[in-house]
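Data block below; observations after.
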Amino acid sequence: MFYCPDVMSDKRQRARVQGSWAKPLPKQPRPAGVVPNTEHCQIAIPAPASWGIRPQATCGNFEFHQPSKPNREVPPEKVIDQAGVYEISHGPSGVSRLQLLPGFLPAQEADWMFSKLLAELPWSQKTNIRQGEAYMEPRLTCWFGELPYTYARSTMAANTKWHPLLLTLCEAIAKVSGRHFNSLLCNLYRDGHDSIGWHSDDEASLGAKPTIASLSLGDTRVFSLRKQPPPEENGDYTYVERIRVPLGHGTLLLMEGATQDDWQHQVAKEYHDRGPRINLTFRSIHPEPEGHRPGTKLRFTAKQE
Ligand SMILES: O=C(O)CCC(=O)C(=O)O
């Protein structure tokens with residue numbers, strides 16, 4: 001900021017302060033940071049040197065210095081919507097990998113499977129605990145597996161009675177992924193207002209570097225991922241990388257490697273018309289070590305609904 005006082009403005013200033021044509025103001029000590037230059041201008045030196053502007057010898061002759069702290073840009077969100085294998089990050093925990101297979105189920109097969117599972121699975125609304133408060137999940141779920149599954153301080157009892165269609169799907173997915181799954185969490189999003197908050201599937205019972213196979217049926221919803229921020233960001237996700245993966249009818253998504261260590265995922269609410277959607281997430285659950293609290297996270301990321 002700089003300004004050029006002249007006689008008139010000096011008079012105006014005196015008038016405003018003390019009445020018409022008052023005596024000149026006594027000379028004020030110069031405020032810190034204001035230096036007269038050789039012409040009629042004064043330069044107010046901004047206090048922090050990091051702003052990058054330095055006083056110059058003559059008025060109107062400024063040199064721009066790049067601020068020492070460059071502006072940070074929020075990385076643009078990436079979109080994955082084509083079939084393929086994507087290494088989304090390489091970090092100390094290893095490679096995080098997504099495999100997307102749109103059309104894993106042909107549309108007609110996906111249609112009748114969706115209707116059957118919607119009608120025949122034992123859907124219910126689970127109550128979770130967050131910060132000591134109970135809340136209902138904004139979606140319906142059911143669980144199949146030899147072992148109970150605990151997350152968000154609430155346990156889904158073991159349920160060994162698999163629907164025959166789910167057993168067929170589990171085998172088909174094991175074949176394409178080369179992985180064995182012993183458990184399945186089913187989610188039913190009744191409309192766009194149902195959702196699942198940011199979380200990682202990193203409960204100790206899933207073991208290290210779990211592969212999660214996610215099959216979608218029904219209306220398309222956006223599956224979003226965001227990278228875990230480095231420790232110096234203190235849990236601030238503002239500048240992290242983000243990816244969106246639209247998951248349509250019959251699409252299979254595999255999350256592999258360090259994805260659950262280094263990324264979180266969610267299906268956010270959508271406020272325009274969305275029809276029902278079923279998501280089946282096949283996992284492998286292991287008994288938790290003796291003395292280990294069920295449902296404990298490998299890191300402390302709880303689902304935020
Ligand atoms: O509905 C989806 O696509 C994601 C489900 C999910 O994140 C989960 O079950 O942990």
Side-chain angles (χ1 to χ4, degrees), residues 79-81 88 96 98-102 104-105 110 113-114 117-118 121 123-126 128 130 137-145 148-156 159 166 169-170 173 181-207 210-226 228 242-256 259-270 274-285 295 297-299 301-305:
V79 179
I80 293 180
D81 57 2
I88 55 173
S96 298
L98 298 181
Q99 235 188 101
L100 185 67
L101 290 104
F104 171 73
L105 293 176
M113 287 183 185
F114 173 76
L117 297 177
L118 184 63
L121 292 187
W123 299 110
S124 70
Q125 193 164 16
K126 183 172 175 262
N128 292 338
R130 185 179 49 220
E137 282 183 336
R139 61 189 176 279
L140 306 184
T141 53
C142 54
W143 171 250
F144 298 91
Y149 183 37
T150 302
Y151 67 85
R153 303 264 168 97
S154 144
T155 299
M156 305 180 91
N159 178 6
L166 296 178
L169 285 171
C170 189
I173 292 171
F181 301 100
N182 65 13
S183 314
L184 169 60
L185 177 61
C186 308
N187 290 299
L188 170 59
Y189 303 83
R190 293 158 291 184
D191 57 29
H193 294 189
D194 275 354
S195 61
I196 189 164
W198 287 116
H199 68 284
S200 305
D201 295 327
D202 60 354
E203 286 80 20
S205 64
L206 293 167
T211 294
I212 311 276
S214 150
L215 179 66
S216 294
L217 297 165
D219 207 350
T220 299
R221 291 290 293 267
V222 175
F223 182 80
S224 307
L225 295 113
R226 67 178 182 183
Q228 294 282 10
R242 288 166 191 268
I243 302 174
R244 59 190 275 130
V245 189
L247 293 179
H249 195 39
T251 297
L252 180 66
L253 173 74
L254 301 177
M255 292 186 270
E256 298 173 320
T259 307
Q260 306 305 324
D261 295 323
D262 290 349
W263 294 78
Q264 289 189 331
H265 55 267
Q266 73 161 359
V267 175
K269 294 184 194 306
E270 292 186 27
R274 279 286 167 224
R277 166 181 185 259
I278 291 173
N279 176 257
L280 309 174
T281 52
F282 295 87
R283 304 136 187 260
S284 219
I285 295 274
K297 292 265 187 187
L298 294 178
R299 48 163 84 222
T301 57
K303 283 185 176 71
Q304 299 152 14
E305 310 291 357

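Both counts, for ligands and for their atoms, begin at 1 and track the order of listing. Numbering of residues begins at 1 and proceeds along the displayed sequence.
- Here the shortest heavy-atom distance to atom 5 (C) of ligand 1, taken over N279, I212, L247, belongs to N279.
- Heavy-atom contacts of H265 reach the following atoms of ligand 1: 7 (O), 10 (O) (cutoff under 4.0 Å).
- Of all atoms in ligand 1, listed by their number and element, those nearer than 4.0 Å to a heavy atom of N187 are 5 (C), 8 (C), 9 (O).
- Ligand 1 places these atoms under 4.0 Å from at least one heavy atom of D201: 10 (O).
- Atom CG of L253 sits about 10.5 Å away from atom CD1 of I212, to the nearest 0.5 Å.
- Taking every non-hydrogen atom of T281 and a distance limit under 4.0 Å, the qualifying atoms of ligand 1 come out as 9 (O).
- Geometrically, R226 does not engage W263 in a cation-pi contact defined by less than 6.0 Å to the ring centre and at most 45° from the axis.
- With a 4.0 Å heavy-atom cut-off, ligand 1 is reached by the side chain of H199 but not by its N, CA, C or O.
- Those atoms of ligand 1 that come under 4.0 Å of a heavy atom in R283, given as number and element, are 8 (C), 9 (O), 10 (O).
- In terms of N/O distances under 3.5 Å, ligand 1 is approached by Y189.
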Please determine whether side chain to side chain donor-acceptor pair (under 3.5 Å) holds for the pair T141 and R139, giving the CA-CA distance in whole Å, both sets of side-chain angles, and the decisive distance to 0.1 Å. CA-CA 7 Å; T141 53; R139 61 189 176 279; over 6 Å; no

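- Here R274 does not pair with D191 in a salt bridge; the nearest charged N to carboxylate O distance is not below 4.0 Å.
- The pair D194-K269 does not meet the salt-bridge criterion, since no charged nitrogen lies less than 4.0 angstrom from a carboxylate oxygen.
- Counting atoms of ligand 1 from 1 in the listed order, those under 4.0 Å from a heavy atom of L185 are 9 (O).
- With ligand atoms numbered from 1 in the order given, ligand 1 contributes 1 (O), 2 (C), 3 (O) to contacts under 4.0 Å with heavy atoms of R277.
- Note on ring orientation: taking the six-membered ring where Trp is involved, the planes of W143 and Y149 are parallel (angle under 30°, cut-offs 30° and 60°).
- In this structure the side chain of S214 reaches within 4.5 angstrom of the side chain of N279, judged on heavy atoms.
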